[in-house]
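One structure is given below, encoded as structure tokens.
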Amino acid sequence: PHALQEVLEQLKQEGCTCVIFTDCQHDANVRKIVPLVAKLVSSSPRYQRAENADYSIMVIGVPNTGKSSLINSLRRLHLKKGRATAVGGEPGITKAVLTRIQVCEQPLMYLVDTPGVLPPRLGDVETGMKLALCGAIRDHLVGEDVMADYLLYTLNRQRQFSYVQRYRLPEPCDDIEHVLKRVALALGRTHKVKVLTGTGNVNVTMLDYSTAAYELIRAFRAGRLGRVTLD
């Protein structure tokens with residue numbers, strides 16, 4: 001696809017000439033990693049390590065991009081072993097650099113899982129919003145309501161209107177409060193709130209806008225709102 005070629009060209013300009021697009025839920029491209037890594041390592045200088053036949057590779061990247069999932073997939077494929085490292089949908093699951101994890105016997109290869117890293121400062125607010133929607137920044141640091149508002153703006157700008165049918169809206173809408181109301185109604189998301197009246201406390205059922213915002217974000221992350229690229 002044209003979009004992938006653009007990504008490859010950009011990475012090439014940045015000095016990354018060996019790129020494999022992977023999906024840890026499907027094994028086809030994951031199988032290409034060990035042979036490529038072995039080829040790259042064997043063709044590069046190995047200073048004072050001629051006597052060592054094993055490879056140690058560090059896995060690095062921004063939070064929540066599947067580093068631990070990749071390691072687990074490689075272990076499953078090459079060693080027929082179960083998970084060696086915890087994974088989850090929230091950033092920060094890997095809290096410290098782990099010891100070497102064997103992922104292959106021929107060649108003998110170990111990977112080192114690392115916590116996700118981000119620049120100490122983000123260039124602008126929109127970059128931060130994109131990273132937050134992708135799960136690279138913890139949701140509560142930005143606010144689910146703000147993230148949902150930016151997501152709705154992005155969907156409308158790209159004319160991705162699958163949310164309209166999914167949440168039973170009559171038409172596309174740029175009012176996040178109205179959209180979250182429909183999300184809450186469609187999914188039955190409510191909560192009880194105590195209201196103090198002249199005759200005592202009364203429990204009132206309210207729509208849960210916060211949960212509705214999180215549902216909208218989760219649907220985007222799971223791909224249920226269409227194939228959306230934030231950049």
Classify the angle between the aromatic ring planes of Y163 and F161 as parallel (below 30°), tilted (30 to 60°) or perpendicular (above 60°).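 It falls in the perpendicular class, over 60°.
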Is it the case that the side chain of K81 and the backbone of V103 share a donor-acceptor pair, with hydrogens and angles ignored and the cut-off at 3.5 Å?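 Checking the backbone N and O of V103 against the side chain of K81, no donor-acceptor pair under 3.5 Å is found.
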Output yes when a side-chain donor or acceptor of R189 lies under 3.5 Å from a complementary backbone atom of Y209, and no otherwise.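 Not at all, since once roles are kept as given, no pair shorter than 3.5 Å links the two residues.
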Do L141 and L230 sit in the same hydrophobic cluster, where Ile, Leu, Val, Met, Phe, Trp and Tyr count as joined when their side-chain heavy atoms come under 4.5 Å apart?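 Same cluster: L141 reaches L230 through Ile, Leu, Val, Met, Phe, Trp or Tyr contacts under 4.5 Å.
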In the single-linkage hydrophobic clustering (I, L, V, M, F, W, Y; side-chain heavy atoms under 4.5 Å), do I57 and Y110 co-cluster?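 Different clusters.
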For residues 164-187, run the donor-acceptor check on the side chains, cut-off 3.5 Å, and write out each pair with its distance to 0.1 Å, sequence neighbours left out.
residue: D175; atom: OD1; partner: E177; partner atom: N; Å: 3.1
residue: D175; atom: OD1; partner: H178; partner atom: N; Å: 3.4
residue: R182; atom: NH2; partner: R168; partner atom: O; Å: 2.7

Residue pair [X] / [Y]: nearest heavy atoms and the distance that separates them:
X	Y	answer
C24	S73	CB-OG, 3.4 Å
D23	V30	O-CG2, 3.9 Å
R100	S56	NH1-OG, 2.8 Å
L207	T190	CD2-CG2, 4.2 Å

side-chain contact (heavy atoms from CB on, under 4.5 Å) with P63: which of I137, L131, L118?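 Of the listed options, the one satisfying the test is L118.
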With rounding to the nearest 0.5 Å, note down the distance linking NZ in K130 to OG1 in T154.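 K130 atom NZ to T154 atom OG1 measures 7.5 Å (nearest 0.5 Å).
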Between CD of E144 and CG of D139, what distance do you get to the nearest 0.5 Å?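 So the CD of E144 and the CG of D139 are separated by 5.0 Å.
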Does a side-chain heavy-atom distance below 4.5 Å link M147 with Y214?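 The answer is no; the side chains never approach within 4.5 Å.
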Taking 4.0 angstrom as the limit, do E215 and R218 come out as a salt bridge?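 Result for this pair is yes, salt bridge flagged.
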Just list the side-chain donor-acceptor pairs under 3.5 Å for residues 31-40, sequence neighbours left out, or say none.
residue: K32; atom: NZ; partner: N29; partner atom: OD1; Å: 3.3

